Amino acid sequence: TELGGFASLSKEIPCGETETAWALGEYTFIDEGIAVRWGWFENLNLSDLPWESEIWAAAGQNDTTKGALVGTLMVSDNGDGTIEVEFLIDSSFSISESHIFVGANAPTTQAPGQLGYLHEDLGEANYDRYTIDLAGLTTFFLAAHGVVGGDCGGDDDGDGVGDDDDEETPMYSLSGTVYLDIDENYS
């Protein structure tokens, strides 16, 4: 399965299990002393955009060899003081909610619900998008997280839909963080 030019899935996530996922970044929550749980974030400049990153599920202790590559995070400059942050999820999965942080300073939490931006009840989407006002920032931190479901059934007839009606579609946690910390107000 192709993911925006990235390699195919490195590990299967068993049907019915849930896993956290984060967009890969230069910094980890563990190494920066922010949290004891895994996850990444990035420090970007508008001149770095467009920027893309792999989204990894189940990569405990920030070890991608333990995880599954489930999608791509794309960040682009809209040229009007805003950025677009897009979750592109592999067709083997679907995203049901996402969380983003964008800020002038590095995040102070790894808790998805406290990152500042969130979309819930996305259903079984393969795509999610945010437009975020940078409020004059040209350099910012970014982190991205979400919840992703996997395909439990086989696609015996090639129509893109699983054909095993006896199994449920599981939900997997997908994470990546985008940070915008203006006046440290995370609303």
Side-chain angles (χ1 to χ4, degrees), residues 1-8 20-29 31-32 34-35 38-57 59 62 64 69-148 173-187:
T1 304
E2 294 270 330
L3 295 171
F6 291 114
S8 61
T20 294
W22 289 95
L24 189 62
E26 180 179 350
Y27 303 96
T28 75
F29 291 105
D31 290 346
E32 297 302 313
I34 296 167
W38 74 278
W40 299 279
F41 60 96
E42 186 66 48
N43 187 13
L44 295 170
N45 188 293
L46 284 176
S47 64
D48 298 331
L49 306 181
W51 179 80
E52 66 181 56
S53 176
E54 300 171 339
I55 300 172
W56 286 88
N62 304 301
T64 58
L69 179 59
V70 297
T72 302
L73 187 77
M74 302 288 298
V75 182
S76 58
D77 181 2
N78 290 330
D80 62 0
T82 66
I83 58 171
E84 292 289 309
V85 179
E86 300 172 279
F87 289 86
L88 305 165
I89 305 304
D90 180 86
S91 61
S92 299
F93 302 92
S94 63
I95 187 168
S96 64
E97 72 181 66
S98 64
H99 307 91
I100 299 286
F101 175 84
V102 174
N105 299 310
T108 58
T109 182
Q110 184 240 21
Q114 297 177 12
L115 294 179
Y117 298 92
L118 66 103
H119 290 160
E120 296 178 314
D121 302 322
L122 296 173
E124 296 182 4
N126 291 103
Y127 177 83
D128 190 24
R129 179 184 66 176
Y130 291 78
T131 300
I132 298 173
D133 187 345
L134 291 179
L137 292 177
T138 57
T139 299
F140 56 94
F141 287 89
L142 176 137
H145 172 273
V147 176
V148 174
S173 178
L174 162 72
S175 303
T177 306
V178 179
Y179 296 96
L180 176 57
D181 180 18
I182 305 222
D183 298 325
E184 296 184 25
N185 184 359
Y186 305 104
S187 56

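Computed from a prediction, not measured in an experiment: that's the story for all the values here.
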Check: Thr82/Asp133 side-chain N/O donor and acceptor closer than 3.5 Å: no
Name the orientation class of the two ring planes belonging to Tyr130 and Tyr117 (parallel below 30°, tilted from 30 to 60°, perpendicular beyond 60°). perpendicular
Using modelled atom types and a 3.5 Å cut-off, is there a donor and acceptor pairing between side-chain atoms of Gln110 and backbone atoms of Ala35? no
Quick one: side-chain contact (heavy atoms from CB on, under 4.5 Å) partners of Leu118, sequence neighbours excluded? His99, Glu120
Nearest 0.5 Å, please: how far is CG in Asp128 from CD in Glu97? 10.5 Å
Counterpart residues, side-chain contact (heavy atoms from CB on, under 4.5 Å), relative to Glu84 (two or more places apart): Ser76, Asn78, Arg129, Thr131
Results of side-chain contact (heavy atoms from CB on, under 4.5 Å) for Asn62 - residues two or more places apart only: Thr28, Ile30, Trp38, Trp40
Taken to the nearest 0.5 Å, the spacing of Thr109 OG1 from Leu115 CG works out to 6.5 Å
So do Ile55 and Thr72 actually touch side chain to side chain, heavy atoms under 4.5 Å? no
Reported CD1-to-CE distance for the pair Ile83 and Met74, which is rounded to 0.5 angstrom: 12.5 Å
Any side-chain heavy-atom pair of Ile34 and Phe41 under 4.5 Å: yes
So, do Ile100 and Phe87 sit near enough that their side-chain heavy atoms are less than 4.5 Å apart? yes
How far apart are the C-alpha atoms of Leu44 and Leu49, what are their side-chain angles, what is the distance that settles it, and do they pass the side-chain contact (heavy atoms from CB on, under 4.5 Å) test? CA-CA 8 Å; Leu44 295 170; Leu49 306 181; 4.2 Å; yes
With side chains defined as the heavy atoms from C-beta onward, is the minimum distance between Tyr127 and Leu122 less than 4.5 Å? no
Ser53 side chain vs Leu24 backbone, donor-acceptor pair below 3.5 Å: yes
Apply side-chain contact (heavy atoms from CB on, under 4.5 Å) to Leu88 and Asn126, showing your working. CA-CA 6 Å; Leu88 305 165; Asn126 291 103; over 6 Å; no
Does the side-chain contact (heavy atoms from CB on, under 4.5 Å) test come out yes or no for Leu73 and Val85, once each step is laid out? CA-CA 7 Å; Leu73 187 77; Val85 179; 3.8 Å; yes
Rounded to the nearest 0.5 Å, what separates atom CG in Leu134 from atom CG in Asp77? 7.5 Å
Indicate the atoms forming the closest heavy-atom contact of Tyr27 with Glu42, along with that distance. CD1-CA, 4.3 Å
Can you confirm whether Val70 sits close enough to Trp56 that some side-chain heavy atom of one is under 4.5 Å from a side-chain heavy atom of the other? no
